[in-house]
Amino acid sequence: MERSDVKEKFYKILFAFTAIICIIAVIAIFVFLIARSIPAFGKIGFFEFVFGKDWYPDYRDTYDGELSGSYGVFKMIVGTLAATCGSIIVGGVLGVFTAVFISKFCHKRLKKVFDVVINLLAGVPSVIFGFFGMKVLLPMLGVFADNGSGSGVLAVSLVLGLMILPTVVSLSKTSIDAVPDSYYEGARALGATHEQAVFGTVVPAAKSGITASIILGIGRSIGETMAVIMVAGNAVNYPTGLFRSFRVLTANVVMEMGYAGEVQLGALIATGVVLLIFIFFVNVLLGLVTNKKKKDRASIKRKNAFLSELAHKIKIEKIGRIFSYIAAGVAAAGLVSIIAFVCIKGIPNLSAKLLFGKFETLSTISIFPSIVATLITIVISLLIAIPVGVFTAIFLNEYTKKGSKLVKAIRSAIDVLSGIPSIVYALFGMVTFVVFFGNKTSILAGSCTVAVMLLPTVVKSTEESLKSVSDSLREGSYALGAGKVRTIFKVVLPSALPGIMSAIILSMGRVVAESAPFMYTMGSTLSPMPNSVLDSGTTLAVALYKLAGEGRYVDQAYATAFVLLVIVLALNVLAQVLSNKLDKKLKGRKK
């Protein structure tokens with residue numbers, strides 16, 4: 001009996017410790033980055049850095065000598081805000097109307113197709129969006145530009161808008177579907193048409209969730225790196241025109257980190273701190289929206305009563321319906337265009353030499369070392385993230401009580417981790433794991449960095465799976481004399497396995513799709529086969545970015561994009577299949 005009690009206490013402490021790792025990770029990211037940026041702030045001046053309009057680094061600048069360069073990021077802050085606003089105008093508006101179409105105007109059979117389309121669009125790596133923008137959008141937009149280049153706010157807004165569209169659609173649709181049918185039925189009973197009931201009652205009732213989806217889209221726009229670099233032009237200018245080259249904060253870090261001097265390096269890390277501040281305000285805003293109280297029933301009734309009069313005066317809802325159809329068509333066309341572009345350009349350039357050949361020099365390009373490096377990274381990062389994430393979810397779902405301050409702190413830490421831009425993870429990995437593993441980029445350093453990124457995905461997906469397990473299974477196990485730990489490992493986890501496997505597959509897809517976190521932790525130069533995990537290497541996404549940027553290896557870039565797209569979409573489809581299997585299992589239990 002005593003041995004059993006010791007076992008129970010040991011696992012409870014283990015689960016609690018893994019959960020606290022999330023808090024430690026958040027604190028470490030803030031502390032390490034702020035500590036490394038303080039000398040730069042001291043040398044440059046905080047207000048001069050934030051509000052300075054010039055960025056002319058001098059590679060000879062040191063903390064001990066006189067400052068000869070100029071390090072002001074205000075133009076980049078304005079550029080980041082312009083890109084974010086543009087993406088919300090495109091992706092936010094289209095996303096909300098697409099969600100309305102899928103939820104209220106779409107045929108049931110077609111609805112399943114659109115769900116698949118949105119899920120697939122969500123899985124497309126950002127570097128492929130950027131590659132599509134660089135090779136398709138920029139030449140098209142360049143026709144309308146005075147300088148012949150399509151780079152600028154318009155191109156960035158279109159690319160980012162398409163990227164955030166799945167996030168806005170998925171969350172907005174969930175919020176609209178959650179509105180009680182009685183609201184719609186009440187509006188129709190008072191004389192409203194179908195369109196007026198949808199846009200006058202249902203959509204306003206889902207306003208909180210729709211707003212939250214747009215805020216999450218803002219967070220992704222602010223933190224996006226690789227796609228923006230490929231279409232923005234990246235000159236340090238104010239974005240005063242649709243086709244004027246400009247630079248955002250994330251792009252500034254990637255473009256200059258590889259050759260930064262001492263003060264410049266500190267300034268780039270300080271740029272990451274500014275990004276963290278942006279994301280902090282986004283998270284605060286999201287918290288305010290999601291915690292907002294729902295309108296009382298009297299308010300809804302007043303709205304429905306007003307609708308009976310409104311139904312005879314306003315016909316703008318019909319325009320909303322038309323726009324919903326257009327938005328859904330644009331979303332579908334976006335996915336089809338990207339997939340068609342990659343397939344048409346990529347398949348003809350595939351070859352055994354490119355896929356499995358030996359990489360020796362740049363004259364004999366082969367992505368086989370990148371494929372191997374990607375697989376190694378997936379294995380190492382999952383070996384770190386999965387146990388920590390699953391144990392954290394077990395602690396939150398099986399051991400904690402509602403209202404606990406520790407639980408609130410852990411959940412807040414998970415939310416912060418999920419919102420931190422990937423380039424900030426790259427900076428954190430560079431100043432911690434790269435230094436720890438011999439002060440050089442390596443597969444191990446990159447894997448540890450991305451493992452921290454994966455924690456929110458694993459924790460949230462696993463916790464949802466654990467919540468779906470019926471309490472009657474737990475009670476039956478306890479009634480047969482099993483302890484809590486044995487019940488968790490023998491009953492709860494096996495029942496939640498489809499959802500956990502889905503989280504693992506989604507995590508694999510994210511490792512394959514990410515590029516920014518690996519640039520300065522794992523390696524950014526195409527190289528031969530790594531001999532150990534302490535060697536540098538490039539993932540497939542980074543290899544695509546390098547091949548596309550070189551200009552001389554466009555055919556190889558097309559083929560790499562096709563391989564990357566196939567892998568990521570296959571993983572997302574597999575995750576969707578497992579998720580559907582779990583849903584069917586839950587529905588069967590309810591029956």
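V512 places none of its side-chain heavy atoms less than 4.5 Å from the side chain of T539. I210 is not listed as a side-chain neighbour of K207, based on a closest heavy-atom distance of 4.5 Å or more. Between F428 and T449, the closest side-chain pair of non-hydrogen atoms is not below 4.5 Å. In this structure, the side chains of V253 and L249 stay at 4.5 Å or more apart for every pair of heavy atoms. Looking only at side-chain heavy atoms (C-beta outward), F278 and V273 stay at 4.5 Å or farther from each other. Proximity of V485 to F10: side-chain heavy atoms (C-beta onward) are nowhere separated by under 4.5 Å. The shortest side-chain heavy-atom distance between V416 and F30 falls under the 4.5 Å cut-off. Taking the side chain as every heavy atom from C-beta outward, T271 and F49 approach each other to under 4.5 Å.
Annotation: salt bridge (charged side-chain N to carboxylate O under 4.0 Å, His left out) contacts involving residues 496-512, sequence neighbours excluded, comprise R510-E514. Annotation: side-chain hydrogen bond (donor to acceptor under 3.5 Å, both in side chains) contacts involving residues 370-396, sequence neighbours excluded, comprise S370-T538.
Taking OG1 of T462 as the reference point, atom CD1 of I500 lies at 5.0 Å (rounded to 0.5 Å). Atoms OG and CZ, from S126 and R220 in turn, are 7.0 Å apart once rounded to the nearest 0.5 Å. With rounding to the nearest 0.5 Å, the separation of OG1 in T225 from CG in N252 is 11.0 Å. Taking CG of L493 as the reference point, atom CG of L497 lies at 8.5 Å (rounded to 0.5 Å). Residue I128 holds its CD1 atom at 4.5 Å from CG of L565, rounded to the nearest 0.5 Å. Separating the SG atom in C448 from the CD1 atom in I443 is a distance of 12.0 Å, to the nearest 0.5 Å.
Shortest non-hydrogen contact noted between G509 and V568 is O-CG2, 4.3 Å. In this structure, A19 and I410 approach most closely via the heavy-atom pair CB-CD1, 3.6 Å. In terms of heavy-atom proximity, I279 sits nearest to P421 at CG1-CD, 3.5 Å. The shortest heavy-atom contact between I505 and L571 is CG2-O, 2.9 Å. Across S472 and S470, no two heavy atoms sit closer than the pair OG-OG, 2.7 Å. Pairing each heavy atom of I504 with each of I386, the nearest pair is CG1-CD1, 3.5 Å.
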Task: Stepwise side-chain contact (heavy atoms from CB on, under 4.5 Å) test for E398 and I488 - done: CA-CA 8 Å; E398 305 294 330; I488 290 171; 4.1 Å; yes

Open item on the list: Quick one, T18 with F395, criterion side-chain contact (heavy atoms from CB on, under 4.5 Å). Give me CA distance, side-chain angles, the key distance, then yes/no.
Closed with: CA-CA 9 Å; T18 55; F395 178 75; 5.6 Å; no

Open item on the list: Apply side-chain contact (heavy atoms from CB on, under 4.5 Å) to residues M257 and M430 and explain how you reach the verdict.
Closed with: CA-CA 10 Å; M257 184 64 72; M430 187 187 68; 3.7 Å; yes

Task: Check against side-chain contact (heavy atoms from CB on, under 4.5 Å), L265 and R36 - done: CA-CA 9 Å; L265 177 61; R36 287 294 298 271; 3.7 Å; yes

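Of the possible donor and acceptor atoms, one in the side chain of E8 sits under 3.5 Å from a partner among the backbone N and O of K484. Remark: side-chain polar atoms of S495 are not paired, donor with acceptor, to backbone N or O of V469 under 3.5 angstrom. A side-chain donor-acceptor contact under 3.5 Å links S536 to the backbone of T441. For the pair D535 (side chain) and S532 (backbone), a donor-acceptor distance under 3.5 Å is present. Of the possible polar contacts, one joining the T98 side chain to the A327 backbone as a donor-acceptor pair under 3.5 Å is found. In this structure a side-chain-to-backbone donor-acceptor pair under 3.5 Å is missing from Y545 to A227.
By the salt bridge (charged side-chain N to carboxylate O under 4.0 Å, His left out) test, K460 pairs with D415, sequence neighbours left out. Qualifying ring-ring contact (aromatic ring centres under 6.0 Å, His included) partners for Y399, counting only residues two or more places apart in sequence or in other chains: F15. By the ring-ring contact (aromatic ring centres under 6.0 Å, His included) test, F32 is found to be paired with no residue, residues two or more places apart in sequence or in another chain being considered. For T487, the side-chain hydrogen bond (donor to acceptor under 3.5 Å, both in side chains) test picks out S477, with sequence neighbours left out. Applying the side-chain hydrogen bond (donor to acceptor under 3.5 Å, both in side chains) test to D471 and every residue at least two apart in sequence or in another chain returns R474. Under the side-chain contact (heavy atoms from CB on, under 4.5 Å) criterion, N234 pairs with I229, A232, R247, A251, M255, sequence neighbours left out. Annotation: ring-ring contact (aromatic ring centres under 6.0 Å, His included) contacts of Y425 (sequence neighbours excluded): none. Partners of F101 under the ring-ring contact (aromatic ring centres under 6.0 Å, His included) rule, at least two apart in sequence or in another chain, are F114, Y325. Among residues two or more places apart in sequence or in another chain, the salt bridge (charged side-chain N to carboxylate O under 4.0 Å, His left out) test is passed with R411 by E463.
Counting non-hydrogen atoms of neighbouring residues, nucleotides and ligands closer than 6.0 angstrom, the NZ atom of K408 reaches no more than 12 such neighbours. Other residues, nucleotides and ligands place no more than 12 heavy atoms under 6.0 Å from the CZ atom of F17.
Residues S221 and T84 bring no donor and acceptor atom of their side chains to less than 3.5 Å of each other. With no hydrogens or angles considered, a side-chain donor-acceptor pair links S172 and S213 at under 3.5 Å.
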Extract all donor-acceptor atom pairs below 3.5 Å that involve side chains of residues 157-169 and protein atoms in other chains or at least two apart in sequence.
unit_1	atom_1	unit_2	atom_2	d
S157	OG	V153	O	2.7

